[in-house]
Protein chains: 2
Amino acid sequence: MAERRRGAARSESARIAVLETTAALFAERGYDHLTIEGIAAEAGVAKQTIYRWWKSKSELVAECLFEGRLLPVDLVPPDSGDIRNDLTTWLDALFRFTDAPENGGLVRSLVIVAAENESVGRQLDASLGVSTLLTTRLGAATKAGDLPAGTPLKEVVDTLIGAVLVHVLQRTPAAPGAAKRLVSLLLP
Amino acid sequence: MAERRRGAARSESARIAVLETTAALFAERGYDHLTIEGIAAEAGVAKQTIYRWWKSKSELVAECLFEGRLLPVDLVPPDSGDIRNDLTTWLDALFRFTDAPENGGLVRSLVIVAAENESVGRQLDASLGVSTLLTTRLGAATKAGDLPAGTPLKEVVDTLIGAVLVHVLQRTPAAPGAAKRLVSLLLP
DNA sequence: AATCATATACGCAACGTTGCGTCTCGCTAA
DNA sequence: TTAGCGAGACGCAACGTTGCGTATATGATT
């Protein structure tokens, strides 16, 4: 049996206020200009209330991320039946998203968090809204015979994400047709 | 004509001491625990001497990087004549380097700098000791007929780097044979 | 059932510490 | 004589911790 709690329960409203404020300030100022004191003030919450529940700034951001509060869009690959077209469409949307200046900063901040926080790093693919779903679709396509049997799915997914990261870090907008070229390269 | 300087010239020994100390502390503690005051103290230099010549911490680290002081190894791809073997060997060495825990932290710190500092980000490939050289080799291989004529070289290089970054961020040691699989995937 | 005791979270506010970036000192070297 | 140098003090911002008084929820006592 779970021993019943004794005193006042954790304030859900405070928790929500903190997470919402964190996500807002993160998107607005980026990770490195994010301060615990700033979040507390803006959220109308005591600093100690934050430190009581979150060990660090990166952990706080991680929770926002895993609750889907950081990325404004759902990057779900479409399902038309043609796996290569779907991948191209999805990758192209991802490129167009990251190429917008404000989003570029957002994703770069996200990369910083991934580099600092192990759990965010490990779930990097999930953080970017992909991974399992994408791998599932690729697996299904392989089974259906749309892809060669030996296609190393994990490598393909990692590689796609990696290409996006490189573009974001290099501040190089994706060239026209880059998504298509990349997909053709990986899944000829 | 270059106007003759008046007054004391910039101290080269101080400059060297600062860069060496920066590289050492960066490798030892990582980027986020690197402080200007710490560098100044360790290098036996006044804080103002640093601020006089470098605008920010990331710029200081960038100069270390571009002078080759940050990465302890030269990651030059071999040249055996077989471009795929060479790529695999090089990529494998890169994986083995980043898989060592202390190096993983180093590269993750480097990613943080690339995310914060535009010039580092833009020269990300050069920072990792690759790019131009690699692209040159790939171009030569294409010309020699070892690779299909339409191979998108830039995409290939970006993709390789991206795959390495993803592994580093995910804290996933590269699986045995990963380098070979990746190269086969990109250059079938 | 009403009351008290205990336990916990809360907002508020202050603490000492660290690192920032700027500034002013003499000293030294070109 | 001028500019870079080491040393170090300054105000500022944010850190992470602590104590205070209040609100709330549970368990024990009347």
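We name chains A, B, ... by the order of the sequence lines, and we start the count at 1 in each one.
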In whole Å, what is the span from the [atom1] atom of [X] to the [atom2] atom of [N]?
| X | N | atom1 | atom2 | value |
| --- | --- | --- | --- | --- |
| B:E12 | D:dC5 | CD | P | 10 Å |
| A:Y51 | C:dA9 | OH | P | 18 Å |
| B:E59 | C:dG21 | CD | P | 12 Å |
| A:I36 | D:dT17 | CD1 | C1' | 14 Å |
| B:I16 | D:dC5 | CD1 | P | 13 Å |
| B:W54 | C:dC20 | CH2 | P | 15 Å |
| A:R6 | D:dT26 | CZ | P | 11 Å |
| B:K55 | C:dC20 | NZ | C1' | 18 Å |

**Study point:** Close side-chain approach of B:I83 to B:R137, heavy-atom, < 4.5 Å
**Key:** yes
Review point. Heavy atoms, side chains only, cut-off 4.5 Å: are B:W54 and B:I36 in contact?
Key: no
Check your understanding: With a 4.0 Å cut-off, would you call A:E20 and A:R15 a salt bridge?
Key -> no
Practice item. Ignoring hydrogens and angles, state whether a donor on the side chain of B:D82 or B:S80 is under 3.5 Å from an acceptor on the partner side chain. Key: no
Study note, to complete from the structure: Comparing nearest nucleotides in DNA chain C, the 5'-proximal residue of the pair B:G7, A:R15 is A:R15
Practice item. Check whether any side-chain N or O of B:W53 sits under 4.0 Å from OP1 or OP2 of D:dC5, and answer yes or no. Key: yes
Check your understanding: Between the side chain of A:N103 and the main-chain N/O of A:F97, is any donor-acceptor distance below 3.5 Å?
Key -> yes
Point to revise | B:K180 NZ: over 12 foreign heavy atoms closer than 6.0 Å | key: no
Mind listing the N/O atom pairs, protein and nucleotides 11-15 of chain C, below 3.5 Å?
residue	atom	partner	partner atom	Å
C:dG11	OP2	A:A46	N	3.2
C:dG11	OP2	A:T49	OG1	2.6

